[in-house]
**Student:** 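Once you've had a glance at the structure underneath, I'll fire off some questions.
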Amino acid sequence: MKTNTSTNVLTMESLASLCKRRGFIFQSSEIYGGINGFWDYGPLGCELKANIRDLWWRNIVRERDNVAGLDASIIMHPRVWEASGHVGGFADPMVDCRDCRRRYKADALCEEQNAQLQESEGRLSLPDGVVCTGCGSKNLTEPRAFNLMFSTHVGPVADASAMAYLRPETAQGIFADFSQILTVSRMKVPFGIAQIGKAFRNEINPRNYIFRSREFEQMELEFFIKPGEDTEWHEYWVSERLKWYDMIGLPAASLETFTYPPDELAHYAVACVDIKYAFPFGVQELEGIAARGNYDLSRHAEYSGKSQDYFDPETNERFVPHVIEPSAGVDRIALALLCNAYCEEWIPKNNTDGEPRPADPGAKRPPEGYEARTVMRFSPRIAPVKAGVFPLVKNKPELVAKARIVYEQLRRRWNCFWDQTGAIGRRYRRQDEIGTPFGVTIDFQTLDDDTVTLRDRDTMQQTRVALDELMPRMEQQIEP
RNA sequence: GCGAGCGUAGCUCAGUGGUAGAGCUCCACCUUGCCAAGGUGGCUGUCGAGGGUUCGAAUCCCUUCGCUCGCUCCA
């Protein structure tokens, strides 16, 4: 399959329009005016996401001996978030330095400089003269209460003792269940625990279509290792993850990696690499792969009072495992796949001579003799619909009946789409626009010799294929 | 969070105080023997929502919700 060779300047508007029109993504609650930061995945979008999840789960969990799955609850004991650091450090009003990006507790910063945090009409403010203790800058934000977790109450009484949070990341469920899974799975270090699920952050300002949403889905692996082996395992997982992106249709050339310099790492972290994609609105993170030392398990040991030690029977050593955390956003990967697949091209009319070519950016119409085609060049592995099945014409019952048999066979294996209405060309183009890699057309010759036309989305070329060979042929490309 | 712009049919958009429109899409039938073909017919709107001004508001004013862009934010 071709990769996206288009030089088109993709706009989020045209992508969002296609996604809405074809049923990938809708704004949540649109009939009530919408709600900021929440999105619904339509018939095609949920297939796309299911494919992302399935391929990740297969690659991370099923195909490895030393990774087990978990599906932890979204609401956990509130102490989890104290241990993780999501509550404690941010319950107080915070001030950020815009210049050096340090963050301070507002009252502590004032106290250091013999000043008093001011309050009027419920709004906090810094007195004049307070500066960043790190760099001396006066360019500080206003003090803000800074908890981006959604809170709720467990049980019918909404008092403080019933306070709980929707998880802001799935990872803590893994750490909290670490010792139980260690026991039941009988795995030995190095081993991993993987989880896919929803997470919630009350983002101040959701932006960029579905990129930063308030409800989103994560695919996280915590891979537990012997202390001291962090660097080697971190490199291993960066490499593994890049291979996976290539497999789903985001080759290395379409991605950028960012390695955090040591001074930008969290204090407990050994290394961190972001995998990024060049979205129309900027190069942005799809996944972070962090070597987090034993910070998380140690914190849970401290807060819960339950040891999180691992005993290594071979060396008789006892230690708190270190962890490598590849943490990926399902929605962000879906968006990257949509952006990467999107292509507008101009093709010669009436099948005359000439090659398709990418549409000129900004041009409203194709030149004389050409017509526009919008095609989503998804990898066949990830495409929401694998094949469209078409009787060449619908007013010949024996043709429709035969096509229906082919359709029923294919749909047992893959998500397929039946379409018998309108001209065949229109049906092909409709499938192009949702990225269906194959068109299977049943014509009169099929009734004689059991062969069908297999049409390729990217090249638009057609080959005559015996029905016996159809599934193997498709399988080669969908599940190589 | 601040500033600016925008919100009219499924999509793209026209409509500056006087009967809500176009193109495309979509649906049905006919035709059609492989690339958005042709014919006929058809559906579609609380003009984002609420309030106000007016004899009369898609249009003017206020509020609110949402979207976009820039700053900000992104533990």
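Numbers restart at 1 for each chain; the letters A, B, ... are given by sequence-line order, proteins then strands.
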**Student:** If we call it a pair only when both distances are under 3.5 Å in a Watson-Crick or G-U wobble match, what pairs with B/rU59?
**Tutor:** none
**Student:** Atom CZ of A/Arg21 to atom P of B/rC11: distance rounded to whole Å?
**Tutor:** 9 Å
**Student:** Please work out if A/Ala372 contacts a base, only the sugar-phosphate, or nothing of the nucleic acid, heavy-atom cut-off 4.0 Å.
**Tutor:** base
**Student:** Taking any strand in view, what nucleotide pairs with B/rU46 in a Watson-Crick or G-U wobble way, both distances under 3.5 Å?
**Tutor:** none
**Student:** Out of B/rC71, B/rA37, B/rC26, which has the shortest distance to the side chain of A/Ala423?
**Tutor:** B/rA37
**Student:** Please work out if A/Glu30 contacts a base, only the sugar-phosphate, or nothing of the nucleic acid, heavy-atom cut-off 4.0 Å.
**Tutor:** nothing
**Student:** Identify which nucleotide among B/rC34, B/rC11, B/rC35 has an atom closest to any side-chain atom of A/Ile424, counting heavy atoms from C-beta outward.
**Tutor:** B/rC34
**Student:** For the C1' atoms, the ones on B/rA58 and on B/rG18, what distance do you get once it is rounded to whole angstrom?
**Tutor:** 13 Å
**Student:** Reckon A/Arg455 has a side-chain N or O less than 4.0 Å from the OP1 or OP2 of B/rC34?
**Tutor:** no
**Student:** Determine which nucleotide pairs with B/rA28, using a 3.5 Å limit on both distances of a Watson-Crick or G-U wobble pair.
**Tutor:** B/rU40
**Student:** State plainly whether the residues A/Arg404 and A/Glu408 are in salt-bridge range, i.e. N to O under 4.0 Å.
**Tutor:** yes
**Student:** Would you mind pulling out the nucleotide paired to B/rU16, Watson-Crick or G-U wobble, both distances under 3.5 Å?
**Tutor:** none
**Student:** Quick one: label A/Arg373 by what it contacts on the DNA or RNA (base, sugar-phosphate, nothing), any heavy atom closer than 4.0 Å.
**Tutor:** nothing
**Student:** Which of the following nucleotides, B/rC35, B/rA28, B/rA75, is nearest to the side chain of A/Thr421?
**Tutor:** B/rA28
**Student:** How close or far is atom P of B/rA75 from atom CG of A/Asp274, stated in whole angstroms?
**Tutor:** 11 Å
**Student:** Check this for me, if you would: do A/Lys276 and A/Glu256 make a salt bridge, where the nitrogen-to-carboxylate-oxygen distance has to be below 4.0 angstrom?
**Tutor:** no
**Student:** May I ask you to say what A/Tyr209 touches in the nucleic acid, namely base, sugar-phosphate or nothing, with a heavy-atom cut-off under 4.0 Å?
**Tutor:** sugar-phosphate
**Student:** Decide, yes or no, whether a salt bridge links A/Asp432 with A/Arg455 under the criterion of side-chain N to carboxylate O below 4.0 Å.
**Tutor:** yes
**Student:** Using whole Å, what does the distance between atom C1' of nucleotide B/rA28 and atom CG of A/Asp419 come to?
**Tutor:** 15 Å
**Student:** Hey, are A/Glu433 and A/Arg430 close enough for a salt bridge, meaning a charged N less than 4.0 Å from a carboxylate O?
**Tutor:** no
**Student:** Say you pick atom C1' in B/rC29 and the same atom in B/rC47; how far apart are they, in whole Å?
**Tutor:** 33 Å
**Student:** Under 4.0 Å between any heavy atoms, over every strand shown, what does A/Asn395 touch: base, sugar-phosphate, or nothing? Just pick one.
**Tutor:** base
**Student:** Verify whether one side chain among A/Tyr260 and A/Asp274 offers a donor that lies under 3.5 Å from an acceptor in the other.
**Tutor:** yes
**Student:** Answer yes or no: side-chain N or O of A/Arg22 and base N or O of B/rG10 forming a donor-acceptor pair under 3.5 Å.
**Tutor:** no
**Student:** Just to confirm, is there a sub-4.0 Å distance from OP1 or OP2 of B/rC67 to any side-chain nitrogen or oxygen of A/Gln27?
**Tutor:** yes
**Student:** Is there aromatic stacking of A/Tyr428 against B/rA36, centre distance under 5.5 Å, plane angle under 30°?
**Tutor:** no
**Student:** Return whichever of A/Val452 or A/Met12 has its heavy-atom-nearest nucleotide of RNA chain B closer to the 5' end.
**Tutor:** A/Val452
**Student:** Under 4.0 Å from OP1 or OP2 of B/rC26: is there any side-chain N or O of A/Arg426 that close?
**Tutor:** yes
**Student:** What integer distance in Å separates A/Gln218:CD from B/rA75:P?
**Tutor:** 13 Å
**Student:** Return the 5'-most residue of the pair A/Gly37, A/Leu392 with respect to RNA chain B, ranking by each residue's nearest nucleotide.
**Tutor:** A/Leu392
**Student:** Taking NZ from A/Lys20 and P from B/rG7, how many angstroms apart are they, rounded to a whole number?
**Tutor:** 14 Å
**Student:** Looking at A/Lys198 and A/Asp331, is there a salt bridge between them, counting it only when a charged N and a carboxylate O are closer than 4.0 Å?
**Tutor:** no
**Student:** When rounded to the nearest Å, what value does the distance between P atoms of B/rC26 and B/rC11 take?
**Tutor:** 14 Å
**Student:** Can you check the distance between B/rG42 and B/rG5, where both ends of the measurement are the C1' atom (answer in whole Å)?
**Tutor:** 38 Å
**Student:** If the P atom of B/rA20 is compared with that of B/rG48, how far apart are they to the nearest Å?
**Tutor:** 15 Å
**Student:** Looking at B/rC34, B/rG33, B/rG10, which one has an atom nearest to any side-chain atom of A/Thr441?
**Tutor:** B/rC34
**Student:** Starting at atom NZ of A/Lys394, determine the distance to atom P of B/rC30, rounded to an integer number of angstrom.
**Tutor:** 7 Å
**Student:** Expressed as a whole number of Å, how far does the P atom of B/rU53 sit from that of B/rC62?
**Tutor:** 15 Å
**Student:** Select base, sugar-phosphate, or nothing to describe what A/Arg427 touches, counting heavy atoms under 4.0 Å on all strands.
**Tutor:** nothing
**Student:** Could you tell me whether the side chain of A/Thr453 has a donor or acceptor atom within less than 3.5 Å of a complementary atom in the base of B/rC34?
**Tutor:** yes
**Student:** How far does the C1' atom of B/rG7 sit from the matching atom of B/rU12, given to the nearest Å?
**Tutor:** 14 Å
**Student:** When we call it a touch if two heavy atoms are under 4.0 Å apart, what does A/Asn36 touch: a base, just sugar-phosphate, or nothing?
**Tutor:** sugar-phosphate
**Student:** Distance between the P atoms of B/rA36 and B/rG1, in whole angstroms?
**Tutor:** 49 Å
**Student:** What are the two closest non-hydrogen atoms of A/Leu221 and A/Trp56, and how far apart are they?
**Tutor:** N-CZ2, 4.1 Å
**Student:** Tell me which nucleotide among B/rA75, B/rC35, B/rG33 gets nearest to the side chain of A/Met460.
**Tutor:** B/rC35
**Student:** Looking at B/rG70, which nucleotide sits across from it as a Watson-Crick or G-U wobble partner, both distances under 3.5 angstrom, or is there none?
**Tutor:** B/rC2
**Student:** Using atom types as modelled and distance alone, determine if a side-chain donor or acceptor of A/Arg167 lies under 3.5 Å from a backbone N or O of A/Ala199.
**Tutor:** no
**Student:** Could you tell me how far apart A/Gln172 (CD) and B/rA75 (P) are, to the nearest whole angstrom?
**Tutor:** 15 Å
**Student:** What is the separation between atom CD1 on A/Ile347 and atom P on B/rA37, rounded to the nearest whole Å?
**Tutor:** 12 Å
**Student:** Strictly distance-based, threshold 3.5 Å: is any side-chain N or O of A/Asp419 a donor or acceptor partner for the main-chain N or O of A/Thr421?
**Tutor:** yes
**Student:** Picking from B/rC34, B/rG33, B/rC69, which would you name as closest to the side chain of A/Phe444?
**Tutor:** B/rG33
